[in-house]
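Here's the structure we're looking at; comments come further down.
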Amino acid sequence: MATPSVLLLRAPGTNCDAEAAFAFEKAGAAVRSVHINELRQQPRLLKKHQILLLPGGFSYGDDVAAGKILAAQLSTFLADAVREFRSAEKLVLGICNGFQVLVKAGLLVPPDEDGPLVTLAHNPHGRFEDRWVHLAITPNSCPFLKGLTRMYVPIAHGEGNFVCRKEWIFKGLDQAGQVVLRYTDPQGQPAGFPHNPNGSQGDIAGISDATGRVLGLMPHPERHILGTQHPRWTRDGLKPEGEGMAIFRNAVEYFTG
Amino acid sequence: MLWEVEIHPLGRDGERDRVCDEFDLLTSSKRGIDLVTATSRGYLIDGHLAGVDVQNLCDELLVDRLVERVDVRALGTPLGTPATTVLLKPGVTDNVADSVVTAATDLGYAVAQARTFRRYYGPDAHAADRDLLARKILANGAIEQAVTGPLHASNLAVGQPYAFRLVVVPLRDLDDAGLMQISRDGQLALSLDEMRTVQAHFREHDRDPTDCELESVAQTWSEHCSHKTLKGVIDYAETAEGVTTTRRYGNLLKETIFGATQEIRRRLGPDDWCVSVFSDNAGVVKFSDDFHLAIKVETHNRPSSIEPYGGANTGLGGVIRDLLGTALGGRPVCNTDVFCFARPDYPADQLPAGVLHPRRTMQGVVAGVRDYGNRMGIPTVNGSISFDDRYLANPLVFCGTVGTVPINKVVKEVMPGDLIVAMGGRTGRDGIHGATFSSLELTDQSETLSGGAVQIGNAIEEKKVLDVLMQARDRGLYTAITDCGAGGFSSAVGEMGADLGAHVELDKAPLKYAGLSYTEIWISEAQERMVLSVPPEKWQELHDLCRSENVEAVVLGTFEATGRLKLSYRGHPVGDLSMHFLHDGRPNVVRHATYTRKPAAPVAGDTTMSPHDALLKILGTYTVCSKESVVRQYDHEVQGGSVIKPLVGLLNDGPSDAAVVTPVLGLTLGAAIGNGLCPQFADLDPYAAAACAIDEALRNVVAVGADPARTAILDNFCWGNVTDPELLGALVRTAEACRDAALAYGTPFVSGKDSLNNEYKSPTLRITIPSTLLITALGRVPDVRQCVTMDLKSPGNRLLLVGTTHDELGGSHYHLVTGKTGGRVPCPDLATAPKIFAALHRAIRGGLVRSCHDLSEGGLAVAVAEMAFAGGVGADLTGANDVTSLFSESATRFLLEVTPENAAALLHHFDGLPVTDIGATVAEQRLRVAGAGGEWLIWAKLADLKEAWQKPLR
């Protein structure tokens with residue numbers, strides 16, 4: 001297949017769209033930026049694309065709760081189109097605010113009769129924080145993470161605390177292979193704050209859905225595409241590319257490779 | 001039906017922890033936890049909703065049941081437990097409530113109105129404590145109200161119908177006292193001279209002005225909009241050694257700061273890289289083949305002193321709009337924010353009336369800047385925070401933005417017949433009299449009198465405007481643009497139509513609520529609004545574009561070649577002013593300034609403090625210490641352009657000299673942003689302080705790799721009461737230093753601002769801020785892959801000190817911590833400094849510098865300590881063996897790390913310039929400084945130095 005096409009879904013307050021588009025384009029994809037209003041008018045637009053990207057930012061100001069309003073719009077007005085998109089073996093990527101939207105729309109872990117199983121709550125220290133984190137990667141069936149074991153990328157959020165309603169839900173996710181990204185210390189070991197920057201249960205930085213084709217993560221791989229974005233490139237030497245690039249390349253190769 | 005949706009946190013109650021801590025700090029007690037036992041938040045909702053609808057709305061939108069619990073009740077239901085509820089005052093922007101109404105309506109719920117609230121539970125005892133808690137911690141009276149017990153309301157709607165009535169202000173027959181009465185009662189801030197000019201103008205036209213016309217004049221002539229002091233006539237008398245010389249400035253700014261820029265541009269000739277200076281909303285300089293860079297720095301001091309969150313929030317929002325309104329629209333790529341506060345541990349029981357505690361001011365300001373910048377998706381990459389108790393009542397909040405402008409989108413020209421289009425937020429009663437208020441002094445009454453001047457921003461509204469504006473710009477849908485800032489439509493339309501004329505139909509402006517008079521619409525400073533001139537044939541396309549992204553845009557009127565500013569409301573004429581009178585009719589202000597040159601006072605005071613202890617103390621001063629807890633709250637990497645971050649080093653926690661970003665993602669061409677601020681020297685020598693500030697700003701950007709020959713600078717003057725000739729004299733000296741240093745360094749000023757009369761007055765107390773000049777530097781980095789950071793890289797390297805150290809401890813941090821006074825303050829050698837900058841830049845471009853840090857507060861000792869603990873590499877200094885060498889703050893100095901093999905090549909670049917090998921880097925995790933007699937003046941573990949530096953504001 002030729003160049004896969006990314007539908008970048010934009011809403012009022014989306015603000016990590018340009019660098020996410022840059023990353024996908026660098027990886028060889030074509031990116032079309034679509035406003036949520038436009039997609040609501042023409043849900044069929046999704047059919048023309050292979051990858052749905054929900055970038056970071058503050059959709060609708062994160063008023064009420066992070067990602068909540070956009071999630072409610074997706075669930076109410078675009079549920080069918082998104083369901084069809086997923087069942088067509090296509091890929092969905094939600095970064096930071098996009099992850100919050102996916103979680104709150106139930107697109108990663110569907111709710112049961114008692115409501116949502118998981119959420120992303122406020123960081124325990126109550127603040128927005130920008131910080132680089134080490135991730136341990138268990139790709140399982142997630143095409144975005146194929147062949148990856150570690151990644152160094154920044155987080156920048158105030159509501160990234162992954163919470164499961166009950167302990168069994170966390171265990172279930174883990175056993176199902178959906179816990180694909182975990183915060184660790186530089187040596188790759190589980191550790192508390194600041195290595196786990198937001199108090200997430202099980203150090204969860206990102207999860208996939210049951211198929212692996214929908215990935216949501218709090219860290220920003222699109223902010224580590226160039227060597228100069230690394231916080232210590234002046235110490236450790238300039239690398240030809242950043243570690244986050246692999247996620248975007250994997251996504252493209254899933255269709256072309 | 002009116003509902004109350006109250007949401008309780010499950011688990012940790014962070015808001016309770018916060019307010020209890022605040023109470024304990026403010027009262028030096030431990031009673032907080034007894035006063036507040038639990039907190040909640042929620043919404044008041046008005047609409048045709050049954051209880052079950054509200055429950056469904058909670059599930060679908062409002063409540064996250066994994067971490068929250070909700071109570072839904074009819075409004076007014078008794079709570080059962082004593083509680084205080086805090087709400088925004090009616091009319092104050094409530095972004096979350098607005099979002100709830102929009103989202104709920106979208107989802108099919110009949111929600112008409114909503115308001116947010118916070119609630120604090122606690123026993124109905126300790127009346128005095130509760131009162132203090134409510135007033136000082138739970139609510140800010142400028143924007144919020146605190147209600148005890150259940151809430152009662154019949155509806156949530158704001159506003160009432162407005163019946164048109166033309167107001168004419170009879171002033172043709174008034175005497176001076178009568179004129180001043182009108183100026184005062186109307187909060188016009190016009191002087192007697194100005195009122196007389198207005199009177200003469202209307203006498204000539206045989207009529208009295210309408211209120212709207214008078215307001216237009218007041219806004220246009222305000223200090224904030226016209227900078228009449230700095231651009232006015234100043235009679236300056238300078239006394240040196242008993243001899244007084246005088247000179248007259250016809251326009252101080254023009255003859256010093258603008259003048260220097262003009263001269264630099266003239267010298268550059270065909271290589272002039274300035275594009276637009278001091279004419280547009282921001283300065284514009286050349287950058288790449290396709291883009292220019294625009295930069296603007298503004299202050300928002302008064303609003304921030306009253307409501308720190310809202311003040312700082314709208315301060316940043318305002319400067320970002322300046323950038324959107326520059327050329328045909330700039331795209332913001334990064335922010336810089338500099339604050340001045342009183343120390344955060346200021347004794348709470350000594351706070352003057354009407355003044356917020358500096359700790360609260362700081363938290364609010366940081367949060368306000370954070371929330372606006374982060375939501376807009378503009379990285380905050382640079383800044384600093386300075387502390388001096390004289391900023392207690394007048395904290396300073398400088399917000400700056402850098403952005404790109406396509407080179408073919410620079411020229412804007414309003415054409416006759418273009419439509420006047422207002423885009424973005426709606427107009428409310430917000431901020432009425434912001435422009436004139438920021439030209440008045442604060443008093444102990446300000447907190448209550450000026451509430452209307454305080455606002456909350458809506459960053460998402462502005463982001464939506466940015467999103468459509470960039471598309472409209474690239475499609476060529478308008479001919480000119482400016483932002484609505486101080487003075488609202490009156491300033492924006494008045495400026496855009498200054499050379500042409502305009503007719504505005506005020507009733508066309510979309511309002512937040514009914515009830516605004518035509519004058520209120522005209523001068524409202526409601527946020528997030530832009531004004532565009534749109535050719536009629538482009539209007540439909542612009543309108544449709546805006547609509548597609550939920551941005552409101554309306555036609556307010558037409559620009560027309562009448563030379564007049566005509567205002568009407570529902571067909572009634574309410575104003576008709578000559579543009580010429582409005583813009584050129586202001587009588588010149590003549591002010592007097594005096595300055596006495598004083599020889600440096602001899603150093604006084606004794607100290608037994610060792611250099612070792614002095615270093616630890618200086619590292620722990622609020623001004624020098626780590627600001628990591630603040631920096632991390634800012635998204636400094638969004639947009640992906642980050643090359644040199646504000647925090648650098650082995651553990652990403654060292655203090656970077658300046659930030660570098662790539663404004664165009666993918667290019668290796670960079671922009672470095674730095675700042676210089678030396679109020680501590682201004683008390684002793686304002687000229688030296690200003691020259692040092694410029695030197696410092698330049699040091700910062702050159703240290704990371706910017707080209708000093710391609711560095712633009714900006715000035716922001718924050719001063720006390722300039723009717724005081726001595727304070728104005730210090731300002732004149734500062735402006736003269738700006739001229740001299742800019743000319744010497746070849747760094748043109750491209751934009752500037754001033755905020756005068758930063759003074760607090762009560763019957764018993766007068767506090768004037770230190771004379772404060774902020775210099776912001778924007779340097780071009782030819783290739784970001786050659787950038788350098790300040791953290792030491794590896795053991796076994798040489799440490800070279802560039803620049804000359806003089807005995808200049810006056811105003812130094814060494815004196816601050818030892819209690820010494822007097823001494824000579826640093827002043828850069830304007831002949832040598834430019835050569836040093838050029839040589840350093842060549843060395844960095846040659847790849848010879850492993851690390852580089854500029855020497856500023858605390859001198860060499862602080863610089864080497866910071867480099868060492870940031871890099872996790874130790875250092876031995878043998879070439880700096882006395883207090884002066886270690887702590888003098890002489891200008892134009894850098895400490896460089898260089899590999900032994902590159903040392904000779906590096907020295908070669910500094911041929912004929914002062915440079916000394918003063919030590920080496922070592923693997924041991926410590927800093928040692930040898931004294932003249934072989935003893936160790938400093939012997940400190942890096943961990944201890946770092947702890948001293950990180951502890952104060954952790």
Side-chain angles (χ1 to χ4, degrees), chain A residues 10 12-19 22-23 26 35 37-38 56-58 60-65 68-69 72-73 75-77 104 114-119 121-122 124-132 154 156 158 161 163-165 220 222-223 225-229 231-235 238, chain B residues 12 14 18 59-62 64-67 95-96 98-100 102-103 106-108 370-371 374-378 458-460 463-464 467 548-550 631-645 647-650 652 662 665-666 668 784-785 787-789 791 793 851 871:
Chain A
R10 202 160 58 81
T14 299
N15 65 30
C16 303
D17 44 330
E19 56 271 42
F22 177 80
K26 210 173 160 66
H35 194 279
N37 289 354
E38 190 184 351
F58 288 80
Y60 297 96
D62 281 356
D63 294 340
V64 182
K68 184 71 191 184
I69 293 178
Q73 291 186 349
S75 315
T76 311
F77 305 111
K104 289 173 190 182
D114 293 326
L117 271 57
V118 300
T119 193
H122 283 273
H125 56 53
R127 286 191 311 272
F128 180 99
E129 196 163 83
D130 180 328
R131 178 185 290 286
W132 282 67
N161 180 6
V163 178
C164 297
R165 195 171 73 207
H220 287 277
E222 81 285 15
R223 295 188 186 183
I225 298 301
L226 305 168
T228 49
Q229 290 165 334
R232 292 185 303 279
W233 71 266
T234 61
R235 296 181 70 80
L238 193 55
Chain B
R12 186 170 164 268
R18 185 188 73 81
D59 281 334
E60 209 171 336
L61 190 68
L62 301 179
D64 188 337
R65 293 195 191 262
L66 268 69
V67 288
N95 293 321
V96 176
D98 293 345
S99 287
V100 165
T102 310
D106 192 25
L107 297 173
R370 172 194 70 202
D371 286 355
N374 290 358
R375 278 172 169 67
M376 285 285 293
I378 306 168
N458 182 344
I460 298 307
K463 178 68 165 81
K464 281 159 56 185
D467 290 348
S548 73
E549 303 205 1
N550 305 108
V631 174
R632 290 214 182 278
Q633 293 185 56
Y634 302 142
D635 190 334
H636 44 265
E637 297 173 294
V638 60
Q639 297 191 18
S642 171
V643 172
I644 301 297
K645 302 178 201 302
L647 298 166
V648 297
L650 185 65
N652 305 338
T662 50
L665 199 53
T668 52
V784 295
R785 293 168 295 187
C787 281
V788 171
T789 52
D791 47 307
K793 301 300 186 296
S851 63

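By convention in this document, chain letters (A, B, ...) are assigned in the order of the sequence lines, proteins followed by strands, and residues within each chain are numbered from 1.
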Report which part of [X] has an atom under 4.5 Å of a heavy atom belonging to chain B: side chain, backbone, both, or neither.
{"X": "A:Arg127", "value": "side chain"}
{"X": "A:Thr14", "value": "backbone"}
{"X": "A:Arg131", "value": "both"}
{"X": "A:Ile225", "value": "neither"}
{"X": "A:Thr76", "value": "side chain"}

Out of [options], which one racks up the most heavy-atom pairs below 4.5 Å with chain B?
{"options": "A:Ala65, A:Gly61, A:Pro116", "answer": "A:Gly61"}
{"options": "A:Asp114, A:Val64, A:Asn161, A:Asp62", "answer": "A:Val64"}
{"options": "A:Leu238, A:Asn37, A:Leu226", "answer": "A:Asn37"}
{"options": "A:Pro124, A:Ala121, A:Gly227", "answer": "A:Pro124"}

Side chain, backbone, both or neither: which part of [X] has a non-hydrogen atom closer than 4.5 Å to chain A?
{"X": "B:Val638", "result": "both"}
{"X": "B:Arg375", "result": "both"}
{"X": "B:Lys793", "result": "both"}
{"X": "B:Asn95", "result": "both"}
{"X": "B:Asn550", "result": "both"}
{"X": "B:Asp371", "result": "neither"}
{"X": "B:Ile378", "result": "neither"}

Task: Test item: B:Leu61 and A:Ile69 side chains (from C-beta on) under 4.5 Å apart, heavy atoms - done: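 Yes, side chains in contact.
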
TODO: Check B:Asn652, B:Thr789, B:Asp791 against A:Arg232 for a side-chain hydrogen bond (donor to acceptor under 3.5 Å, both in side chains) and give me the one that passes.
DONE: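 That would be B:Asn652; it is the only one of B:Asn652, B:Thr789, B:Asp791 passing the side-chain hydrogen bond (donor to acceptor under 3.5 Å, both in side chains) with A:Arg232.
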
Between [options], which residue shows the highest count of heavy-atom pairs closer than 4.5 Å to chain A?
{"options": "B:Val643, B:Leu107, B:Leu66, B:Asp467", "result": "B:Leu66"}
{"options": "B:Lys464, B:Lys463, B:Arg12, B:His636", "result": "B:His636"}
{"options": "B:Gly108, B:Ala103, B:Cys787", "result": "B:Cys787"}
{"options": "B:Leu62, B:Ile460, B:Thr662, B:Thr102", "result": "B:Ile460"}
{"options": "B:Leu650, B:Asn458, B:Val100, B:Asp64", "result": "B:Leu650"}

Open item on the list: Quick check on B:Arg785: does its CZ atom have over 12 non-hydrogen neighbours (other residues, nucleotides or ligands) under 6.0 Å away?
Closed with: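 Count not over threshold, so no.
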
Task: Exercise: identify the closest heavy-atom pair between B:Ser99 and A:Tyr60 - done: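 Between these two residues, the closest heavy atoms are OG-O, 4.1 Å.
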
Backbone N or O of [Y] within a donor-acceptor pair of the [X] side chain at under 3.5 Å?
{"X": "B:Asp635", "Y": "A:Ala156", "value": "no"}
{"X": "A:Gln229", "Y": "B:Gly640", "value": "yes"}
{"X": "B:Gln633", "Y": "A:Phe128", "value": "no"}
{"X": "A:Arg235", "Y": "B:Val648", "value": "no"}
{"X": "A:Asn15", "Y": "B:Asn374", "value": "yes"}

Open item on the list: Could you measure the distance from the NZ atom of B:Lys645 to the CH2 atom of A:Trp233? Nearest 0.5 Å is fine.
Closed with: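 Reported value, rounded in 0.5 Å steps: 10.5 Å.
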
